[in-house]
Amino acid sequence: MAGLQPVRGTQDLLPDAHRRHRAVIETARGIAARYGYQEIATPIFEFTEVFARPIGVSSDIVSKEMYTFKDRGEEEITLRPEYTAGIVRAILSNGLTQSLPLKLFASGPMFRYERPQKGRFRQFHQIDVELIGVAQPLGDVEAIALGAEILDALGILKRTVLELNTLGDTASRAAYRAALVSYYDGHKGSLSEDSLRRLEVNPLRILDSKDEGDKRVNAEAPAFEAYLTQEAHDFFAKVRGGLDALGIAYQLNPRLVRGLDYYCHTAFEFVTTDLGAQGTVLGGGRYDGLMGIMGGPETPGIGWAAGIERLALLIDEPAGPQRPIVIVPLGEAGEAAGLTIAQSLRRAGFSVDLGYSGNLSRRMKRADKLNARAAIILGDNELARQVATLRDFDSGEQVEVPLSELEARLAPFR
RNA sequence: GCGGGCGUAGCUCAGUUGGUUAGAGCGCCAGAUUGUGAUUCUGGAUGUCGCCGGUUCAAUUCCGGUCGCUCGCCCCA
C-alpha cells in the first residue's frame with residue numbers, strides 16, 4: 001500500500017480519456033446492433049471454477065494471471081480475465097440454449113495479474129461479441145466483418161492487418177499436434193528453454209516463438225495444411241471466400257494459434273505495429289467445444305474481444321462536450337434570475353452552466369475556459385427592463401434580448 | 001515470474017562533475033480592467049528532487065533496497 005497511488009496496473013479514466021473510451025464503446029455498440037447483436041452484462045467476478053475449468057489449471061493464465069481470492073464465505077472467487085467463459089456460464093444458467101442462435105454484445109472491465117506494459121494493464125476494458133449456435137462458416141465471416149466495420153468506423157482499420165488461420169477440427173488438430181511433437185522431439189537440442197516447456201504444455205506455441213534457434217527449427221516443421229481433414233479444409237475455404245466476397249483483406253498466418261482444445265477452425269487477429277509488443281487490437285475465433293466442457297449441450301460458438309485501451313490509443317480525438325451557454329449573473333437579483341433561467345433552458349435542451357462566484361470579469365474568464373458558445377449576462381440594468389445581455393463568444397457580438405425571447409434567440413446555439 | 005531504461009512543480013522537461021537560496025516553458029492565481037472572455041502587459045505561488053536506508057562534514061546528485069512507470073521476455077485462455 002503506497003499512500004495515494006492506485007494499485008499497480010490500474011488507472012483513473014479522467015474525462016478526456018473516458019471520452020475516448022466512450023467513443024469506442026458507443027461506436028461498437030451501434031454497429032453491433034445493426035448486425036442484430038443485443039447487449040448483455042455479466043458479473044465482473046465468478047466462481048474460480050468458471051474460468052479455471054475451460055482454461056485448464058496447468059496454464060499460465062490460471063497459475064499466475066488470474067486475480068483470485070477467497071471471499072468472506074470462503075468461496076474461491078476470480079475477477080474475470082475474459083468475457084467468453086462468463087457469458088457461456090450465463091447462457092447455461094439462464095437456459096438460453098433454447099433460444100439459439102444468440103448474438104450478444106458486451107463491454108466492461110477485465111482483470112489480469114500481469115506485468116503492465118504499454119497498452120497492457122491489470123484492469124483493462126474490452127468490447128466483446130459472441131455468436132452462439134451457428135456452426136456454419138457464414139457465422140465466422142459475419143463476426144469478422146462486424147469487427148472490421150467497427151475498426152473502420154473508428155478510423156483504424158487501415159492501421160491494422162487482419163491475420164487469419166485455421167486450427168482445423170478435432171481430428172485435424174490431433175493429427176497435426178502429434179506430427180509436431182514427433183518433429184520437435186527430434187530437435188530438442190536446438191530448442192530454447194521456453195520452447196522445451198511449450199513442447200510439454202502447448203506445442204503449437206513453438207511455431208510462434210521469437211527465439212532465433214526456434215525459428216530455424218520451425219522452418220522445417222510440418223505444415224498444418226497437410227493434416228487438415230477435407231471437412232476442415234472446406235470450412236476454411238468458405239470463410240475465406242466470404243471475406244473475399246465482402247472485400248475484407250487478410251493475411252494467412254499459419255503461426256496464429258490458440259492453445260486450448262475447445263478452439264477450432266477460424267482464428268483471427270487484427271494487429272497493428274503502432275502499439276509496441278501489444279499489437280493485437282481485436283482477436284477471436286471459433287470455440288465449438290467450450291459449451292460442452294462447461295457442462296452444457298454441445299453448441300458451436302464464435303466470438304471476439306477487442307481492447308478498449310488499445311483502440312482508444314489509436315483513434316482520433318473524439319468531439320468534445322457540447323459547448324455550453326453560460327449564465328453570468330451580477331448581484332443577488334441576477335443570481336436568483338439566473339438559477340431559474342438556467343433550469344428552464346436546460347429543460348429546453350440547451351447545455352447551460354451557471355458560474356458560482358466572482359465578478360463579471362472573473363465569470364467571463366471561466367465561461368471562456370468552459371469553451372462557452374455564448375454568455376447571458378444578468379445584472380440589475382437588464383432585470384429592470386426584463387432583458388438579458390447575450391454575448392456571442394465566437395463573433396464577440398453582444399445584444400440585448402427580452403427574457404421572453406431568450407430561448408428562441410439561443411436556438412442556433414443548441 | 002524474468003531482464004533493460006526511467007522517476008525533479010499540475011503537465012513537458014532542464015540542472016546539480018556531492019556544497020548552503022533547485023530552474024524554464026505551459027498551466028494556475030492576482031492585478032492592469034470594482035459591467036465584459038479569448039489577445040497583451042505586470043506580479044505571485046509552485047516542490048517530501050518517488051519512498052526507506054547506507055556512505056559522507058555535507059546526498060536531489062553516489063550505493064543498496066523498495067514502490068511506480070516504461071520497453072522487452074513469458075503468456076494472452
Side-chain angles (χ1 to χ4, degrees), chain A residues 1-11 14 16 50-66 78 80-86 88 110 112-122 124 126 192-195 197-198 201-202 204-205 208-211 214 256-263 267 269 271 275-281 283-285 287 289-290 293-294 303 305 307 310 326 328-331 334 355 358-382 389-398:
Chain A
M1 177 101 72
L4 297 176
Q5 278 180 351
V7 174
R8 178 177 214 179
T10 66
Q11 60 177 348
L14 301 181
D16 285 351
V50 171
F51 303 113
R53 178 147 45 144
I55 292 164
V57 278
S58 65
S59 75
D60 264 25
I61 311 281
V62 172
S63 60
K64 75 175 193 189
E65 289 184 10
M66 294 205 312
T78 293
R80 63 184 181 198
E82 58 132 9
Y83 248 126
T84 307
V88 167
M110 301 290 152
R112 294 184 194 176
Y113 193 87
E114 54 188 355
R115 184 95 171 242
Q117 291 180 35
K118 186 183 186 69
R120 166 183 277 190
F121 306 92
R122 287 187 172 178
F124 61 103
Q126 288 188 332
S192 68
E193 205 172 305
D194 282 331
S195 285
R197 190 174 51 76
R198 292 180 180 120
V201 181
N202 186 0
L204 270 68
R205 274 277 164 208
D208 202 20
S209 174
K210 290 164 189 169
D211 181 84
D214 291 346
L256 178 59
V257 295
R258 293 280 189 273
L260 304 177
D261 286 340
Y262 57 79
Y263 278 98
E269 291 183 357
V271 299
L275 290 177
Q278 283 65 244
T280 303
V281 295
Y287 49 86
L290 179 58
I293 285 174
M294 293 191 67
R310 293 181 186 179
V326 175
V328 178
L330 289 166
N359 59 25
L360 179 62
S361 172
R362 171 127 197 78
R363 287 175 191 256
M364 291 296 276
K365 275 185 189 175
R366 285 203 185 146
D368 189 62
K369 288 219 168 71
L370 290 169
N371 192 28
R373 182 64 186 79
I376 295 170
I377 299 166
L378 294 169
D380 292 342
N381 290 351
E382 285 84 357
T389 298
L390 172 60
R391 183 171 179 86
D392 183 325
F393 270 31
D394 286 356
S395 68
E397 285 170 15
Q398 187 165 304

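All heavy atoms count here, side chains included; hydrogens, waters and symmetry mates do not. Residue numbering restarts at 1 for every chain, and letters A, B, ... go by the order of the sequence lines.
- The listed nucleotides are B:rC76, B:rU36, B:rA38; the one nearest the side chain of A:Asp368 is B:rA38.
- Across the protein-nucleic acid pair, A:Arg8 atom CZ and B:rG50 atom P stand 18 Å apart, rounded to whole Å.
- The same atom, C1', is picked in B:rG31 and in B:rG7; the two are 37 Å apart, to the nearest Å.
- With a cut-off of 3.5 Å on both Watson-Crick or G-U wobble distances, the partner of B:rC69 is given as B:rG5.
- At the heavy-atom level, A:Gly307 lies nowhere under 4.0 Å from the strands shown.
- For the P atom pair drawn from B:rA38 and B:rU33, the interatomic distance equals 15 Å after rounding to whole Å.
- Counting any heavy atom pair closer than 4.0 Å across all strands shown, A:Asn359 reaches no nucleic acid atom.
- In terms of phosphate contacts, A:Thr280 brings no side-chain nitrogen or oxygen within less than 4.0 Å of OP1 or OP2 of B:rC76.
- Across all strands shown, A:Gln126 has no heavy atoms under 4.0 Å from either base or sugar-phosphate atoms.
- For the C1' atoms, the distance linking B:rG27 with B:rU34 amounts to 27 Å, nearest Å.
- Nearest to the side chain of A:Asn381, among B:rG35, B:rC75, B:rG37, sits B:rG35.
- Residue-level contact check: A:Gly283 touches neither bases nor backbone, having no heavy atom under 4.0 Å from any strand.
- Taking every side-chain heavy atom of A:Lys369 into account, B:rC28 is the closest of B:rU36, B:rC73, B:rC28.
- Using atom C1' as the reference point in both B:rG25 and B:rG15, the two lie 15 Å apart (nearest Å).
- If you take CG of A:Asp394 and P of B:rG37, they are 16 Å apart, rounded to a whole angstrom.
- Here A:Tyr262 lies in heavy-atom contact (under 4.0 Å) with sugar-phosphate atoms only.
- At a threshold of 4.0 angstrom between heavy atoms, the contacts of A:Arg363 with the nucleic acid are absent.
- The distance from atom CZ of A:Arg120 to atom C1' of B:rC69 is 15 Å, rounded to the nearest whole Å.
- For A:Arg362 and B:rU36, the shortest distance from a side-chain N or O to OP1 or OP2 is not below 4.0 Å.
- Pairing of B:rU46, defined by two Watson-Crick or G-U wobble distances under 3.5 Å, is not identified with any nucleotide.
- Residue-to-nucleotide contacts include no donor-acceptor pair under 3.5 Å from the side chain of A:Glu65 to the base of B:rG1.
- Distance, A:Arg205 CZ to B:rC73 P: 13 Å, rounded to whole Å.
- In this structure, the side chains of A:Met294 and A:Arg53 stay at 4.5 Å or more apart for every pair of heavy atoms.
- Comparing B:rC11 with B:rU70, their P atoms sit 15 Å apart, to the nearest whole Å.
- Atom CZ of A:Arg391 sits about 7.0 Å away from atom CD1 of A:Ile377, to the nearest 0.5 Å.
- For the pair A:Arg80 and A:Tyr83, the cation sits on the ring face: its NZ or CZ lies under 6.0 Å from the ring centre, inside 45° of the axis.
- Within the model, atoms CZ of A:Arg120 and CZ of A:Arg115 stand 11.0 Å from one another, a figure rounded to the nearest 0.5 Å.
- With rounding to whole Å, A:Arg122 atom CZ is found 11 Å from B:rG68 atom C1'.
- Both A:Gln398 and A:Arg310 sit near RNA chain B, but only A:Gln398 has its closest nucleotide nearer the 5' end.
- When rounded to the nearest whole Å, the span between CG of A:Asp380 and P of B:rU36 equals 15 Å.
- B:rC11 is paired with B:rG25 under the criterion used here, namely a Watson-Crick or G-U wobble arrangement in which both key atom distances are under 3.5 Å.
- Contacts of A:Arg198 with the nucleic acid, taken as non-hydrogen atoms under 4.0 Å apart, involve only primed sugar atoms and P, OP1 or OP2.
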Fill in: Steps toward salt bridge (charged side-chain N to carboxylate O under 4.0 Å, His left out) verdict (A:Asp368, A:Lys365)
CA-CA 5 Å; A:Asp368 189 62; A:Lys365 275 185 189 175; over 6 Å; no
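- Atom name C1', nucleotides B:rG18 and B:rC63: the rounded distance is 13 Å, in whole Å.
- Look at the P atom in both B:rG65 and B:rC26: the space between them is 41 Å, to the nearest Å.
- Shown here, B:rU60 forms no base pair; nothing in the strands shown gives a Watson-Crick or G-U wobble contact with both key distances under 3.5 Å.
- Counting to the nearest Å, the P atom of B:rU39 and the NZ atom of A:Lys365 are 9 Å from each other.
- Each of B:rG4, B:rC76, B:rA30 was ranked by its minimum atom distance to the side chain of A:Arg115; first place goes to B:rG4.
- Using a 4.0 Å heavy-atom criterion, one finds that A:Arg391 contacts the bases of the nucleic acid, with or without backbone contacts as well.
- For the atom pair A:Glu65 CD and A:Tyr113 OH, the distance stands at 11.5 Å (nearest 0.5 Å).
- Under 3.5 Å, the side chains of A:Ser192 and A:Asp211 contain no donor-acceptor pair of N or O atoms.
- The separation between A:Glu114 atom CD and B:rC73 atom C1' is 13 Å, rounded to whole Å.
- In this structure, A:Thr389 reaches the bases: a heavy-atom distance under 4.0 Å links it to at least one base atom across the strands shown.
- For A:Glu82, there are no salt bridge (Lys or Arg N to Asp or Glu O under 4.0 Å) partners, not counting sequence neighbours.
- Nucleotides B:rC29 and B:rG68 have their P atoms positioned 34 Å apart, rounded to a whole Å.
- Across the interface with RNA chain B, nearest-nucleotide mapping of A:Thr10 and A:Glu397 shows A:Glu397 to be the residue nearer the 5′ end.
- In this structure, A:Arg80 reaches neither bases nor backbone, as no heavy-atom distance under 4.0 Å exists between it and the strands shown.
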